[in-house]
Chemist: 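Dumping the structure here so I can ask a few things about it.
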Protein chains: 2
Amino acid sequence: MKGKNEKALISILRDHGLHATFQRLAIYEALISTHEHPTAETIYQQIKKRFPIVSLGTVYKTLETFCEVGLIHKVNPLTGVARYDAITGHHHHLVCMKCHSIEDAESIVEEPRLSEQNGFRVLRQQVFFHGYCPSCRESISG
Amino acid sequence: MKGKNEKALISILRDHGLHATFQRLAIYEALISTHEHPTAETIYQQIKKRFPIVSLGTVYKTLETFCEVGLIHKVNPLTGVARYDAITGHHHHLVCMKCHSIEDAESIVEEPRLSEQNGFRVLRQQVFFHGYCPSCRESISG
DNA sequence: ATACCTGCAAAGGCTTTGCGGTTCG
DNA sequence: CGAACCGCAAAGCCTTTGCAGGTAT
């Protein structure tokens, strides 16, 4: 994605049904130019160097819009509120994107519990499946 | 865990180096009695029925303490701040528990991308590996 | 006896919202 | 031109913090 010219970016935004404003171009460009999974604040700080007028509120709104149309993803799989679990063993979670229920799921594949990867010491792993629980699925697609 | 008597719960708390207060017993009991991955607020509401005096602040503190000693887990793998990612393809994340950096990781095992499980329609899956990145690892264990 | 824990209330931080004005298509 | 979008600032949550009093060991 890196190095994409402005025209290509404009097309991408329009293909997703969005107006191509310079704020959006700047935000999207900032996001595809890094692998650091930045926060809204971080993106805001970076953009401000080139466009001192952009506001933090717009960055939030824009990122949310991008998520809605599927252009980007939130890395954080939940919606802000902390959720707790007394089961500390290895298992997965089925997260409903509508009602935000969280169900446990068995480990489907017995994955290797790597203790290292690229020098990164892994202490715990979690798998999230996002989608629609049976009842929400019904209420959405009929 | 369900149905554990009070004595057993007290032992569990003590084994983790914690004082056994009735607030903690109530909070822990509430958490092991459900599979709904409740929020602090939810636990608070439930406990209030039996012990109207317990405060929400204590629930938060207690849950945090339980996490620190490994008695429970936060389901949410990050620390409250939303993080964004322009790469929407299937990949994993290495989350540093100290500096909160997030690196991409390749899919180690080619997992089956189930579209269904228990009637749950899966649209996206994310795997989080929590641990220490190379530099934090160094600064912790010498 | 003392270190730990709780309740209360205030503060903090992240995110959303409302509104008037502006811009894109 | 109309709908979509932006900046600004205030409000809204969720969570943490500080402190004085109480409790477990």
Side-chain angles (χ1 to χ4, degrees), chain A residues 6-7 9-28 30 37-45 47-48 50-69 71-84 100 102, chain B residues 6-7 9-28 30 37-45 47-48 50-69 71-84 100 102:
Chain A
E6 197 169 300
K7 252 180 195 146
L9 297 182
I10 291 176
S11 298
I12 291 173
L13 291 177
R14 293 201 178 138
D15 289 349
H16 285 81
L18 303 174
H19 282 187
T21 66
F22 80 87
Q23 291 93 335
R24 289 180 171 178
L25 288 171
I27 291 169
Y28 187 53
H37 308 80
T39 65
E41 178 72 34
T42 306
I43 292 173
Y44 170 60
Q45 293 300 338
I47 290 175
K48 224 169 40 173
R50 285 194 297 161
F51 307 102
I53 303 185
V54 174
S55 81
L56 179 57
T58 295
V59 174
Y60 272 106
K61 282 181 208 167
T62 301
L63 289 169
E64 196 52 37
T65 303
F66 284 177
C67 285
E68 280 166 13
V69 300
L71 188 55
I72 67 171
H73 275 164
K74 248 185 194 161
V75 176
N76 194 320
L78 301 179
T79 54
V81 199
R83 304 280 291 254
Y84 299 89
H100 303 124
I102 302 177
Chain B
E6 196 170 301
K7 256 184 191 142
L9 296 182
I10 291 176
S11 297
I12 291 173
L13 291 177
R14 292 199 179 142
D15 289 348
H16 285 81
L18 303 175
H19 282 187
T21 66
F22 79 87
Q23 291 92 336
R24 288 179 172 179
L25 288 171
I27 291 168
Y28 187 52
H37 309 79
T39 65
E41 178 71 34
T42 306
I43 293 172
Y44 171 61
Q45 293 300 338
I47 290 175
K48 225 170 37 174
R50 284 194 299 159
F51 307 103
I53 305 186
V54 174
S55 80
L56 179 58
T58 295
V59 174
Y60 272 106
K61 282 181 207 167
T62 301
L63 289 168
E64 195 52 37
T65 303
F66 285 177
C67 284
E68 280 167 14
V69 301
L71 187 56
I72 67 172
H73 275 164
K74 248 184 195 161
V75 176
N76 193 320
L78 300 178
T79 54
V81 198
R83 304 279 291 254
Y84 299 89
H100 302 124
I102 303 177

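Because only heavy atoms are used, hydrogens play no part in the values below, and waters and symmetry mates are left out as well, while side chains stay in.
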Chemist: Counting primed atoms plus P, OP1 and OP2 as sugar-phosphate and everything else as base, spell out the protein contacts along nucleotides 18-25 of chain C at 4.0 Å heavy-atom distance: B, S or - for each nucleotide, 5' to 3'.
Modeler: B-----BS
Chemist: Restricting to side-chain contact (heavy atoms from CB on, under 4.5 Å), what partner residues turn up for A:E68, sequence neighbours left out?
Modeler: A:E64
Chemist: What integer distance in Å separates A:Y44:OH from C:dG13:P?
Modeler: 16 Å
Chemist: Can you see which heavy atom on B:T62 is nearest to which on B:R24, and at what distance?
Modeler: CG2-CG, 3.8 Å
Chemist: Please round to the nearest 0.5 Å and tell me the distance separating atom NZ of A:K61 and atom CD of A:Q23.
Modeler: 11.0 Å
Chemist: Does B:G17 or B:A82 map to a spot on DNA chain C nearer the 5' end, using the closest nucleotide for each?
Modeler: B:G17
Chemist: Side chain to side chain contact (heavy atoms under 4.5 Å, CB included), that's the test. Do A:F66 and A:H16 meet it? Break it down for me.
Modeler: CA-CA 9 Å; A:F66 284 177; A:H16 285 81; over 6 Å; no
Chemist: Can you measure A:E41 atom CD to C:dT16 atom P for me and round it to whole angstrom units?
Modeler: 14 Å
Chemist: Quickly work out the B:R24 CZ to C:dG7 C1' distance and round it to whole Å.
Modeler: 14 Å
Chemist: When you measure from the side chain of A:R83 to the backbone N and O of B:V75, does any donor-acceptor pair fall under 3.5 Å?
Modeler: no
Chemist: Does a side-chain heavy-atom distance below 4.5 Å link B:T21 with B:L13?
Modeler: no
Chemist: Please walk me through it: do A:I27 and A:Y44 pass side chain to side chain contact (heavy atoms under 4.5 Å, CB included)?
Modeler: CA-CA 8 Å; A:I27 291 169; A:Y44 170 60; over 6 Å; no
Chemist: Could you report the tightest heavy-atom contact between B:V59 and B:A40, atom names first, then the distance?
Modeler: CG1-O, 3.6 Å
Chemist: Can you tell which of B:L63, B:L9, B:L18, B:I10 makes a side-chain contact (heavy atoms from CB on, under 4.5 Å) with B:Y28?
Modeler: B:L9
Chemist: Work out how much the helix from C:dA1-D:dT25 to C:dG25-D:dC1 bends between its end axes, five pairs an end, to the nearest 10 degrees.
Modeler: 50°
Chemist: What is the 5' to 3' range of DNA chain D, first to last nucleotide, that sits under 4.0 Å from any heavy atom of chain B?
Modeler: D:dC14 to D:dT25
Chemist: Does B:T65 have any side chain to side chain donor-acceptor pair (under 3.5 Å) partners at least two apart in sequence or in another chain, and if so, which?
Modeler: none
Chemist: Of the residues in residues 50-59 of chain B, which ones touch DNA chain D at a heavy-atom distance under 4.0 Å?
Modeler: none
Chemist: B:C67 and B:K74: which non-hydrogen atoms are nearest, and at how many Å?
Modeler: SG-N, 3.8 Å
Chemist: How are the rings of A:F51 and A:F22 set relative to one another: parallel (under 30°), tilted (30 to 60°) or perpendicular (over 60°)?
Modeler: tilted
Chemist: How many angstroms lie between NZ in B:K48 and CG in B:L56, if you round to the nearest 0.5 Å?
Modeler: 8.5 Å
